[in-house]
Amino acid sequence: MNFDLTDDQRAIKRTANEFLASRYKPEVMRELAEGERGFTDEGWRELSELGWPGVMIPEGDGGLGLGAVELLVIQEEMGYALAPSPLFSTVSAALLLAAAGTSEQRERWLGPLAQGEARGTIAVWDERSGWAPDRSEIETENGTMSATKVAVPDASGADFLIISGADGAHFLVETSSPGVSVVATKALDPTRKLFTVHLDRAPAEPLSGGHSEQVAHAYATIVTALAAENVGVGQRAMEMAVAYAKDRKQFDRPIGSYQAVSHRCAQMLLEVEGARSLSYWAGWALDHEPSTAPRAASMAKAYAGDAGFRVAASALQVHGGIGFTWEHDLHFFLKRAKANAHAFGDSRWHRDRVAELAGVTAASAPAGSPALSTLARSPAPAG
Amino acid sequence: MDLTLSPAEEAFRDELRSWLENNHPGHEPTGDEPGFQFRRDWQRKLQEAGWAGVSWPEDYGGRGATLIEQAIFNEEVVRARTPTPANVLGLAMGGPTVIAHGTEEQKRRYLAPILSAEEIWCQGFSEPESGSDLASVKTRAVRHGNEWVVTGQKVWTTLAHHAKWCMLVARTDAEAPKHKGLTYFLLDMEQDAVQVRPLVQITGEAEFNELFMEEARIPQENIVGGEGNGWAVAITTLMHERATLAFGLQVSLQIELGKLLEYAGQTRGGDGHVTSADPVIRQRLAQLMIESEVLRLNAYRSLSATMRSGVPGPEGSLGKWHWSEVNQALTELAMDISGPRALSANHDWAYRFLRARANSIEGGTTEILKNIVAERVLGLPRMR
């Protein structure tokens with residue numbers, strides 16, 4: 001029994017922390033957030049040289065072949081630095097491809113993804129269906145797809161999209177194909193660019209090489225990666241609040257000496273450490289105890305989603321008026337934390353999964369509720 | 001990272017588990033005296049098999065177990081639902097304090113009867129006017145030759161009516177700054193100058209007592225850690241109280257939560273449907289499952305950090321505070337699931353609901369624990 005990171009994992013974490021701190025100083029993060037593209041070719045090349053896009057891609061497919069915990073420590077540091085990058089969307093696409101792609105698809109894409117020569121992303125939200133991440137109603141017709149997906153991260157820089165469809169099916173659509181249009185949306189979180197993707201009879205290849213459990217495992221990894229990111233976001237917001245509370249004086253005393261402020265900071269620690277414990281546990285389960293992974297991943301996502309936002313919001317309160325200004329960096333952390341809480345199933349959805357997996361009696365679907373009846377029918381690929 | 005037990009740890013657990021299965025004493029009889037005797041017998045049985053004082057060094061009759069073995073022990077005894085040993089405060093607090101600060105003579109005199117439950121211990125720290133501000137205690141000890149004469153009042157003294165020894169913090173120097181004028185004594189409870197009165201709590205029972213001392217006598221050799229050093233010794237006692245709690249508490253919470261999940265599946269809500277199908281109840285049950293998992297994981301993470309670096313990680317200071325919140329939330333949800341049964345004081349959950357109100361007060365209030373986290377972990381300025 002040892003709940004410590006291994007020496008290698010600690011080394012990856014330290015390297016990531018130092019590298020990101022030197023490359024993504026707050027002014028760089030801000031410039032990328034305020035810009036249109038959200039990342040630079042130079043930045044992407046550097047992350048690729050570290051091997052991060054292929055961290056979990058098997059060695060045989062050209063990646064580093066490391067585990068979920070290694071991905072999580074990188075994600076935690078990405079959140080801590082709030083480094084704008086298409087890394088998360090590319091890693092997510094690679095996870096689904098590795099889980100469900102045919103051997104041709106894997107061969108065509110995994111190597112280039114691992115080398116940083118290609119990027120992908122995943123599109124889960126239909127424009128008109130319910131918002132659960134396994135709720136899509138999209139089907140193909142003669143190998144083509146016509147649909148609209150919203151809130152697709154980093155789509156303009158991606159070479160292909162992994163699109164979720166009805167009944168847990170997934171498809172690969174190349175962004176350069178005819179019938180694909182990618183339109184930027186103004187995202188709540190400007191550090192992760194979002195797009196609406198319109199498909200009009202676009203060629204779509206099914207990912208037909210895996211079964212639903214592998215897809216579920218990939219989704220569990222993806223939501224845990226977001227949970228880990230929120231651990232880093234929360235950690236940084238907490239550190240900002242604590243530093244400010246030590247420095248800022250009102251009524252001739254540092255505000256951190258007032259319990260109304262210091263107890264708020266203690267609460268931040270409680271939530272950040274809780275989220276961290278769950279995220280590492282989920283990572284370990286993904287690598288070593290797959291039967292626990294769906295429950296652990298949903299627990300981590302629900303808790304870290306709530307915690308990341310609450311800690312950032314509380315940190316903003318500690319900062320007072322200055323925290324509400326655009327000029328201060330804190331709002332970027334608040335926005336990322338909230339965006340992460342909503343992506344790939346919000347906390348309520350994941351808590352419901354936790355209850356379901358524990359066998360807690362669910363409500364029978366009321367008549368005329370298509371959302372619930374579809375959920376009950378299709379194998380849930382997410383979480 | 002490896003969240004499974006090593007073969008040696010598993011062997012330790014299996015040995016303990018089968019011993020507990022074969023030696024479980026059954027149900028505790030009702031009534032204070034029979035119940036206490038039952039727990040005294042149970043502790044003796046533990047001691048004879050080498051399971052009392054698991055964390056104590058072997059030289060003093062303990063098992064010298066590793067931290068992880070102590071954690072496993074605390075989990076397993078709760079999981080097996082064995083009785084609490086009669087001398088719980090002596091085992092968890094008094095003994096470790098004597099081992100850390102006592103003289104060789106004191107160790108020889110006091111430790112063995114703690115393990116065998118021959119001599120029961122209680123804790124005389126809090127006073128009516130000194131709760132969280134422990135260093136402000138007013139109980140006075142005045143030296144007369146080789147003896148100290150003690151006058152004052154203590155409160156919340158669990159087990160005082162059974163105890164032979166009381167870990168007593170008293171003021172021995174009224175002139176010194178408040179943390180410096182304290183001394184830690186072992187008070188012999190068997191004297192007329194010490195009176196014990198049960199303190200009835202909101203549940204209707206009396207787990208605690210008030211303790212009145214009117215010129216009680218303590219020989220000089222019963223000071224632990226030296227005159228004027230009482231604050232440091234008392235902190236040792238309190239640290240042991242918090243450190244050993246976490247693993248047992250989280251297992252007992254998991255057990256309660258299991259019962260609650262079952263209960264929610266059997267009861268019907270206001271609309272006549274199974275309560276656990278209510279989406280709001282479901283969300284609250286799931287949140288409790290998540291929080292109780294956090295408690296378990298934080299306890300293990302803290303343990304791993306301690307094993308690596310000798311110091312618990314920041315998450316270690318959160319356990320008792322977090323547990324009290326989760327346990328209160330659990331019992332509140334249980335009441336909501338109970339419907340009209342919640343109105344009966346005989347309802348099992350109603351008792352637990354009331355008892356849980358003390359969780360955020362006993363063993364350090366949540367407010368004090370937050371101060372500790374803010375000042376010692378986050379490094380925020382002290383409030384004074």
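Convention: sequence-line order gives letters A, B, ...; per-chain numbering from 1.
Using a 4.5 Å cut-off between heavy atoms, A:Q9 contacts chain B through its side chain alone, with no backbone atom that close. Both the backbone and the side chain of B:N371 come within contact range of chain A, each with at least one heavy atom under 4.5 Å from a heavy atom of that chain. The contact between A:A358 and chain B is made entirely by side chain atoms (from C-beta outward), counting heavy-atom distances below 4.5 Å. Heavy atoms of B:L285 lying under 4.5 Å from chain A belong exclusively to its side chain. Looking at A:R264, there are no atoms closer than 4.5 Å to chain B (heavy atoms on both sides), in backbone or side chain. Proximity to chain A is limited to the side chain of B:I68, based on heavy atoms less than 4.5 angstrom apart. The contact between B:L261 and chain A is made entirely by side chain atoms (from C-beta outward), counting heavy-atom distances below 4.5 Å.
Side-chain contact check for A:Q259 versus B:E367: every heavy-atom pair is 4.5 Å or farther apart. The side-chain heavy atoms of B:M1 and A:H288, taken from C-beta on, include no pair separated by under 4.5 Å. Residues B:L380 and A:Y258 are not in side-chain contact: their nearest non-hydrogen atoms beyond the backbone lie 4.5 Å or more apart. Between B:K370 and A:S262, the closest side-chain pair of non-hydrogen atoms is not below 4.5 Å. Using a 4.5 Å cut-off on side-chain heavy atoms (C-beta onward), A:E273 and B:V294 make no contact.
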Practice task
Start with the C-alpha gap between A:W284 and B:T4, add the side-chain angles, then the distance that decides, and say whether side-chain contact (heavy atoms from CB on, under 4.5 Å) holds.
Solution key: CA-CA 10 Å; A:W284 177 81; B:T4 52; 3.8 Å; yes
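In terms of heavy-atom pairs under 4.5 Å with chain B, the best-connected choice from A:M268, A:E289, A:R276, A:K246 is A:K246. No other option in B:H322, B:R308, B:E9 has as many heavy-atom pairs under 4.5 Å with chain A as B:R308. Contact tally against chain B (heavy-atom pairs below 4.5 Å) for A:T6, A:L278, A:V69: the top residue is A:L278.
Here the OH-CD1 distance, from A:Y303 to B:I290, works out to 9.5 Å after rounding to the nearest 0.5 Å. Atom CE of residue A:M1 and atom CG of residue B:L67 lie 13.0 Å apart, to the nearest 0.5 angstrom. For the atom pair OG1 of B:T366 and NE2 of A:H263, the computed distance is 9.5 Å after rounding to the nearest 0.5 Å. Expressed to the nearest 0.5 Å, how far CE of B:M307 lies from CG of A:N2 amounts to 5.5 Å. Rounded to the nearest 0.5 Å, atoms CZ (B:R282) and OG1 (A:T361) are 8.0 Å apart. To the nearest 0.5 Å, the span separating OH on A:Y280 from CG on B:L297 amounts to 12.5 Å.
Applying the ring pair (Phe, Tyr, Trp, His ring centres under 6.0 Å) test to residues at least two apart or on different chains, the pairs with a partner in residues 228-256 of chain A are A:Y244-A:H319.
With sequence neighbours excluded, the residues that form a ring pair (Phe, Tyr, Trp, His ring centres under 6.0 Å) with B:Y300 are B:F247. In this structure B:R79 satisfies the salt bridge (charged side-chain N to carboxylate O under 4.0 Å, His left out) test together with B:E76, sequence neighbours excluded.
Judged purely by distance below 3.5 Å, without hydrogens or angles, the side chains of A:D4 and B:S304 never pair a donor atom with an acceptor atom. Using modelled atom types and a 3.5 Å distance limit, the side chains of B:Q287 and A:R351 yield a donor-acceptor pair.
The two atoms that bring B:L3 and A:W281 nearest to each other are CD1-CD1, 3.5 Å, heavy atoms only. A pairwise comparison of heavy atoms in B:S276 and A:V360 identifies CB-CG1, 3.5 Å as the closest pair.
Contacts between residues 10-18 of chain B and chain A, defined by a heavy-atom separation under 4.5 Å, are made by no residue at all.
Remark: B:E129 CD is loosely packed, at most 12 non-hydrogen atoms of other residues, nucleotides or ligands lying under 6.0 Å away.
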